[in-house]
Every structure is written in C-alpha cells, then in structure tokens.
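First the structure, in the form of structure tokens, and then the observations on it.
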2 protein chains.
Amino acid sequence: MSKVAKFNREEVIDKATNLYWSKGYHGTSMRNLQTAIDLRPGSIYATFGSKDNLFKESINYYAAQTGELLQACLEQSATALTGLKLFIRKLVIDNLDGKPSCMCMIVKSISELTETDNKELLDEAKRLLANVENKFSEIITEAMEQGEIDSDKDASELASYIQVQIIGLRTYARVNNNEETINKFIDEIFIGSPFH
Amino acid sequence: MSKVAKFNREEVIDKATNLYWSKGYHGTSMRNLQTAIDLRPGSIYATFGSKDNLFKESINYYAAQTGELLQACLEQSATALTGLKLFIRKLVIDNLDGKPSCMCMIVKSISELTETDNKELLDEAKRLLANVENKFSEIITEAMEQGEIDSDKDASELASYIQVQIIGLRTYARVNNNEETINKFIDEIFIGSPFH
DNA sequence: GTTTTAATGGAACACTCGTTCATTATACAG
DNA sequence: CTGTATAATGAACGAGTGTTCCATTAAAAC
C-alpha cells in the first residue's frame, strides 16, 4: 500500500474543538486552525472536507466528552441524583478557569449560528443539546424510582429546568465568576420549587 | 451653510441593532449593514467611524430600549416586585417570535466576543449587563422596603439570581420555545428557594 | 530496489472583508 | 444666480477568507 497519516486524528479534533470553543465558529479562521493543529490546508481538507464539517466533528467531540463526564459522575456516586449534582458542580466550577471558555460550547454555537446562514450546524447543535436533556430526563426518572424525587413530578419538565439552570449559570459565570455565589446557586437548584 | 443629513440617525441605529442582534458581530458584514440600513460606506464611516463603533452604539441602543421597557413595567405596576415580574414575562415571552432573536443581544455578545480579539466591545457588553443587574438590585431593595421580600435576604444576590434565570430562560427558549413551560418557570422564579 | 499509492506542503484562486477617498450632488448664504 | 460647505456616492484598496491543486515526499508492497 502507501503512506499512512502521521498525525493523530483525535488529537487534531481536540485542538480544533478548543479553538472553536474559545473563538466561536465565525471567529475562527482556517488560518487560525492551521496553526493551532499544525496541519497545512491540503491535509485538513483531505481529512475533514470543509470548515463546516470540522466544526461538526468538533462539536460532536465536545458533546461526547461531556457525556463521558456525566457517565463518570453517575458511576462514582451512590444515587442518580447525587451523580447529577456532582456533574453540574464539575461542569460549572471546573470550567471557571483554564478551559477555552466557562460557557458550554453547544450553547455558544446555538447562540451564534443562525437559521438562515448556518442551518445545518445550528440543527446539529440543537440535536446535541436535546440529547443531553434526554439523558437528564432518564437520570431524573431513575431518581424517582430510587425515591429521591416525588414520582408525581414530570421528569422531562425537571430536565428542562436543569438545562435552564446550567445554561444560566455557565453563561453568567463569564461575567461574574464568584465561586461562592455560584456554588450557592447550584445547591439551590434541587431545593428550588420545581423539585418540591 | 450646506447640505443636511437626510437619513434619521436613530432609525439607522435601530436597523443596525436588529441586524447585529440576529447575526452577531462576526456574522454581520459591513456589506450586510450597508444594504440593511441603505447607506453607502462613505456615509456610514463618516457617521459612525467603524464597524466596532457602530456595534457599540447598537448594543447601547439595545440596552437603552430594554431599560425603557423595565421602567414602563415598573410604572404600570402597583409594586416593585410585580413590575419586575411583568418585565421578565415581556422579555421572555414577547421575544419568542418576530424579534431578531429571542435571546438577549448583550448575552449573545458576551458569548461571542473574546478577551483577546474584541476586548473593548466585550467590556462594553459586560458593563451594560452589570447595569441591568444593579437596576434589579435597586428594585429588590425597594420590594424589601415594601415588605414583598424578606429584608434579611441579600438584594444583590437575588439580583444575580434573577439574571441567571433570565439568561437561562431566553437562551433555552431558542431551542424549546414551549410557552407553557416557560411561563411555568417564570412563575417559579420568585417562589424558588433563594426568595424563601 | 523498484513500484505504487496516498499523505503532505504551500502557492495560488476567487471572493469577501473592513475601510478609504476622490468625486458628485445638494442646500443654503450672499 | 453663484459660491461654498458638507452630505452622499461608489469604485477601489490591501488584507484576509475558505478552498483547490499539484509537485513533492515517504512509506508499504512486491
């Protein structure tokens, strides 16, 4: 046969994800990506096809990573609800510094992209966010079965509520990243009215 | 003297605001703006100086409009707290359709702009968001004096909480604009734990 | 060692970007 | 009317955009 690619595909997507995550879709140029992932246009286009497709792979990679984090939190926790709480705490607090952005990349994309100019990418982002919400719904249903939440509540409504809280907190953290206040708000999510 | 400008400055800013609001800073090109506001580059640059400055004027115009809406809600309400509730309802529900975006333009900007590439505009957006929060804090303090809220609460913390809720709801509405669910969540903001 | 095949590098393309500026058009003063 | 001051126009600029192309390179297969 012939030559085999010398770069690691996942490593490249990881770097591309970090750049898209911090600068956004429109704020990231192919030149930016070329230097960040240290590949020339020929290699990038042979491997990923287009800027749009690389973005699609990046946001899917981001969503998969987040899914793994959630899974890990559930496995190391005694109950479904404590696992979910741990996940939220890690998502919001551990992203305050160091990461490309304290905001969720999926939410940033949904905020930036438009129905008219970037329909395909926007729909992908919406789909990934809906996946997370479905996962939340499953976890909440499990917590109901475990007796941690009243069974007469609507699981999918509580899942929506969790989404609103995480989106709100992570976005707000970009302006006011007071760890104490944020921790307080996280504590109150499950004490608040929809849950009681 | 000489010729006098024939376009209406506020009308132009209004149109620019709507475009920036829907497409974002990077997603809006000067060509887009030229056709939207029906002015040639010469006139735009003579009047506003640069794309950045036009954006700055636009986001300030947006913030001023939002401020006026809040003021109107307060004036037509019996108490400070009911005025604030009305404002939130109008912000979230009335923006679901028709407007350039159901999301807050200030939040969209904070999400899109970066410290490294657009520091000045980002800081402006942060400043405007902080202004709103300060106004919330004043309203809550007034509500405490009117006996609507326990005086032992921290007004600025409750103001933060309101911000998180509005940001979360308006962003979430972009994905799931179920009016019934959103209305329910709005009702629960002031019943939720930080307020009781 | 030769052939085969695909990955790589990087110049270059057509286009769009934000912006400038010489020119033209218009309204008022004299 | 004419002169003058200023608003409006739109072609044009250099830089940057996403993308293409292909000569070169390098490794696997025979």
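Convention: sequence-line order gives letters A, B, ...; per-chain numbering from 1. Because the structure is predicted, anything quoted here is derived from the model rather than measured.
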When rounded to whole Å, the CZ to P distance for the pair B/R9 and D/dA7 reads 12 Å
inquiry  = Base, sugar-phosphate or nothing for A/T28? Non-hydrogen atoms, less than 4.0 Å.
reply    = sugar-phosphate
B/K51 atom NZ is separated from C/dT20 atom P, nearest whole Å, by 15 Å
Under a 4.0 Å heavy-atom cutoff, the residues of residues 14-25 of chain A touching DNA chain C are none
The salt bridge (charged side-chain N to carboxylate O under 4.0 Å, His left out) partners of A/E142 (sequence neighbours excluded) come to none
Here the salt bridge (charged side-chain N to carboxylate O under 4.0 Å, His left out) pairs for residues 11-31 of chain A, sequence neighbours left out, are A/K23-B/D117
Contacts of B/S156 meeting side chain to side chain donor-acceptor pair (under 3.5 Å) (sequence neighbours excluded), chain-then-number -> B/D154
Which of C/dG18, C/dT19, D/dT19 is nearest the side chain of B/S50? It is C/dT19
- Item | NZ/NE/NH1/NH2 to OD/OE distance under 4.0 Å, B/K119 and B/D123 | yes
Has A/Y45 got a side-chain N or O lying under 4.0 Å from the OP1 or OP2 atom of D/dT19? yes
With a cut-off of 6.0 Å (strictly less than), are more than 12 heavy atoms of other residues, nucleotides or ligands near CD of A/E10?
no
A/D52 atom CG is separated from D/dT17 atom C1', nearest whole Å, by 13 Å
B/H26 NE2 to D/dG16 P, in whole Å, measures 14 Å
Whole-Å distance, A/N8 CG to C/dA7 C1', equals 16 Å
For A/Y20, the side chain to side chain donor-acceptor pair (under 3.5 Å) test, sequence neighbours excluded, returns none
Applying salt bridge (charged side-chain N to carboxylate O under 4.0 Å, His left out) to B/E120 and not counting sequence neighbours gives B/K56
For this session: Examine the side chains of B/N60 and B/E124 and answer whether a donor and an acceptor come within less than 3.5 Å of each other.
Result: yes
By side chain to side chain donor-acceptor pair (under 3.5 Å), A/N53 pairs with (sequence neighbours left out) none
Tabulate below the donor-acceptor pairs under 3.5 Å that side-chain atoms of residues 79-91 of chain B make, not counting sequence neighbours, or state none.
{"residue": "B/T79", "atom": "OG1", "partner": "B/T82", "partner atom": "N", "Å": "3.2"}
{"residue": "B/T79", "atom": "OG1", "partner": "B/T82", "partner atom": "OG1", "Å": "2.9"}
{"residue": "B/T79", "atom": "OG1", "partner": "B/E148", "partner atom": "OE1", "Å": "3.4"}
{"residue": "B/T79", "atom": "OG1", "partner": "B/E148", "partner atom": "OE2", "Å": "2.6"}
{"residue": "B/T82", "atom": "OG1", "partner": "B/T79", "partner atom": "N", "Å": "3.3"}
{"residue": "B/T82", "atom": "OG1", "partner": "B/T79", "partner atom": "O", "Å": "3.0"}
{"residue": "B/R89", "atom": "NE", "partner": "B/N183", "partner atom": "OD1", "Å": "2.9"}
{"residue": "B/R89", "atom": "NH2", "partner": "B/D187", "partner atom": "OD1", "Å": "2.6"}

By nearest-nucleotide position on DNA chain D, the 5'-leaning member of B/I44 and A/N32 is B/I44
Separation of D/dG10 atom C1' from B/Q34 atom CD, nearest Å, is 9 Å
Scoring nucleotides 9-15 of chain C by protein non-hydrogen atoms under 4.0 Å (B base, S sugar-phosphate only, - none) yields BBBB---
Taken to the nearest whole Å, CE/A/M30 to C1'/D/dA15 is 18 Å
Between CD1 of B/I37 and C1' of C/dG18 the distance, given in whole Å, is 14 Å
Residues in residues 117-124 of chain B with a heavy atom under 4.0 Å of DNA chain C, by number, are none
Per atom distances to the B/F7 side chain, the nearest of D/dA8, D/dG18, C/dT19 is D/dA8
Could you pull out all donor-acceptor pairs under 3.5 Å where a side-chain atom in residues 65-74 of chain B meets a protein atom, sequence neighbours excluded?
{"residue": "B/T66", "atom": "OG1", "partner": "B/Y62", "partner atom": "O", "Å": "2.9"}

Taken in chain and number order and not counting sequence neighbours, the residues that satisfy salt bridge (charged side-chain N to carboxylate O under 4.0 Å, His left out) with A/R9 are A/E57
